[in-house]
Amino acid sequence: MTDRDVTDPGPPAEATVAAPRLSRRALLGVAATGSVAFVAGRASSALFPPAPPDPSRSDVAGSAAAAAAAVYPFFGGHQAGVSTPLQGHLHFAAFDLSERAVRADLVALLRDWSSAAASMTQGQPVGLLPIPGGDPDAPRDDTGEVEGLPASGLTVTIGLGPSLFERDGVDRYGIAARRPAELQRLPSFTGDALEPASSEGDLCVQVCADDPQVAVHAVRNLARIAAGRAAIRWSQLGFAGTSATEAVERTPRNLLGFKDGTNNILGANEAIVDQHVWLPPTSQPTWFAGGTYLVVRKVRMALEAWDRQPVAAQQVVIGRTKLVGGPLSGGDEFTAPDFEATSDGVPSIDRAAHVRLAHPSSNGGTRILRRGYNYVDGTDTNGRLDAGLLFISFQRSPGQFIDIQRSLAEDLLDPFIRHIGSALFAIPPGASKGGFVGETLLD
C-alpha cells in the first residue's frame with residue numbers, strides 16, 4: 001500500500017495531537033504477539049463513527065442518483081477506468097488463453113470484448129452478431145440480470161500480460177517481438193508470499209461500477225464470450241475504493257480504519273496524469289503510445305492483530321492520525337508531512353512509518369495513480385475474516401511501482417500485511433469506434 005489523497009478534514013482538534021513516542025521495538029513486539037497466525041479479523045473503521053447518512057436527505061439521494069446515471073464512453077484515446085472518477089465497486093478478472101487458441105482467436109476475442117464493453121458501458125445489453133448457421137434457440141448473448149438498471153458508471157479496462165507475448169519461450173501469437181521491454185513479471189519483494197491462484201494472467205479486465213451487480217454482470221458476460229478461447233485464471237471482487245481520484249470525493253478508508261488516498265494523483269489533473277501515467281506519443285513500441293501499465297497486488301491484512309493495537313500505536317505505524325488523517329508532525333489531512341519535525345529529540349513521524357517510506361520525497365519524486373479496493377472473501381477455517389486490499393496502480397513505467405515497493409521493505413506495517421497476489425499488465429491505448437482494444441498491436 002502507498003499513501004493517498006482524500007478530503008474530509010474532520011474535526012480540527014485531532015489534527016494537533018502530538019505523535020506518541022513508542023519505540024519501534026515495542027511496537028513490533030506487540031505486533032508479533034498479536035499475529036502468530038496470519039489471518040484476518042475485521043478492522044474497526046467505525047472506531048470514530050460519523051453519523052450515518054440519511055437517505056431522505058436530498059444531497060444523499062442526489063449523489064446516489066448521479067452515480068447511477070454516470071455513463072463513460074468506452075471508445076477514446078485512452079481506456080476508461082484509469083483516470084476516471086473512482087467507482088464504488090470492482091470486479092477484477094485475469095484470463096488465460098486456451099492452449100488451442102491461435103492468433104485469430106485472440107483478435108476475435110478482443111474484438112468481441114470491445115464490442116460487448118461498448119454496449120454495457122452505455123447501459124445496453126450485450127448483442128454480438130449471430131453466428132451464421134447458428135442455433136436460433138441458443139441462449140441469449142446477455143445474461144439479463146441488469147435489465148432495467150442504469151449504466152452506473154461502468155468502465156471496462158482491458159490489459160495484456162507478459163505471458164500473452166511469450167510463454168515458456170514460445171511466441172504463441174507472433175507478437176513476442178512487439179512486447180514492451182518493461183512488460184516482465186514483477187520482481188520478488190521482501191515479505192512476498194505469492195499464491196499462483198491470485199497471480200499473473202495472459203489478459204485482464206478491470207471492471208468498475210457504482211452498482212456491484214452491474215460490475216459482476218460485465219465480467220460474467222465477458223467470461224461467457226471468452227468460452228472456448230480463454231478462461232478465468234483468478235478474479236476478485238472489491239468495494240469502497242480506497243484511493244480518491246477526484247478532489248470533491250471524501251477520502252475513503254481502508255480496512256485498517258485509516259484514510260487511504262490523501263496523496264493520490266487526481267484524474268482531473270491532466271498534466272500530472274500525462275507526466276506519471278500515460279506513455280507519451282513518442283513511446284516505443286509505437287502501438288503502446290497512449291497506454292499505461294497496471295500493477296495489481298492482493299494484500300491480505302492481519303486485521304485481528306491490528307485491532308488489538310492501541311490507536312496510538314496504529315498511528316505510529318501509518319504516520320497519520322486515525323480520525324482526521326493529518327500527519328503526526330501536525331496539521332490537517334492535507335498538510336504536508338514534516339519529516340524533519342521532532343518531539344523531545346524523537347522524529348514526530350517514525351523513520352519506518354508507512355507515510356514516510358511511501359512519500360514521493362523518499363522515492364525521488366516518483367508518483368503513481370492508485371485505484372485500490374477493499375475485499376472480504378468470507379472467513380477462514382478459524383472463523384477469521386479473509387480480507388484486505390486489492391492494490392491497483394497505474395504508471396508510465398513499472399519501475400515507478402518497483403521503486404516505491406522496495407522503499408517499503410522496512411515498513412512498520414509489514415507485520416500486519418502479506419502480499420499474496422501479484423501481476424503486471426500493459427493497458428493499450430483506447431480504441432476508435434468500430435475498432436477494438438489491442439488493435440494497434442495486432443492489426
* **Among Val107, Ile225, Val126, the one residue meeting side chain to side chain contact (heavy atoms under 4.5 Å, CB included) with Asp112** => Ile225
* Asked: Looking at residues at least two apart in the chain, or sitting in another chain, which of them share a ring pair (Phe, Tyr, Trp, His ring centres under 6.0 Å) with Phe74?
  -> none
* **With Arg297 via side-chain hydrogen bond (donor to acceptor under 3.5 Å, both in side chains) - residues at least two apart** => Asp192, His419, Ser422
* Structure fact -> By ring pair (Phe, Tyr, Trp, His ring centres under 6.0 Å), Phe425 pairs with (sequence neighbours left out) none
* Classify the side-chain pair Asn363/Ser407 by whether it contains a donor and acceptor separated by less than 3.5 Å. => yes
* Using the ring-ring contact (aromatic ring centres under 6.0 Å, His included) rule, collect all pairs that involve residues 261-283, keeping only residues at least two apart or in two chains. => His78-Trp278
* Is any side-chain heavy atom of Val146 less than 4.5 Å from a side-chain heavy atom of Met120? -> no
* **Residue from Leu303, Asp377, Thr381, Val376 passing side chain to side chain contact (heavy atoms under 4.5 Å, CB included) with Asp386** => Asp377
* What is the minimum heavy-atom distance between Ala289 and Pro280, and which atoms define it? -> CB-O, 3.6 Å
* So, Lys298 and Glu195, do they make that salt bridge, N to O below 4.0 Å? -> no
* **Pair Asp105 + Arg100: basic N to acidic O under 4.0 Å** => no
* Sequence-distant partners of Phe92, ring pair (Phe, Tyr, Trp, His ring centres under 6.0 Å), two or more places apart -> Trp234
* **Side chains of Asp332 and Thr335, donor plus acceptor under 3.5 Å** => yes
* **Pairs meeting criterion ring-ring contact (aromatic ring centres under 6.0 Å, His included) with involvement of residues 195-215, two or more places apart** => none
* Asked: Can you tell me how far OG1 of Thr321 sits from CD of Glu333, rounded to the nearest 0.5 angstrom?
  -> 8.5 Å
* Donor on one side chain, acceptor on other, Gln213 and Arg220, under 3.5 Å -> no
* Indicate the ring-plane relationship of Phe165 and Trp287, choosing parallel, tilted or perpendicular according to the 30° and 60° boundaries. => parallel
* For the pair Thr155 and Gln87, evaluate side chain to side chain donor-acceptor pair (under 3.5 Å) and give the outcome as yes or no after the intermediate values. => CA-CA 9 Å; Thr155 57; Gln87 303 98 316; 3.0 Å; yes
* Are a donor atom and an acceptor atom from the side chains of Gln79 and Thr157 found within less than 3.5 Å of each other? -> no
* Do Leu237 and Pro212 touch side chain to side chain, with heavy atoms closer than 4.5 Å? -> no
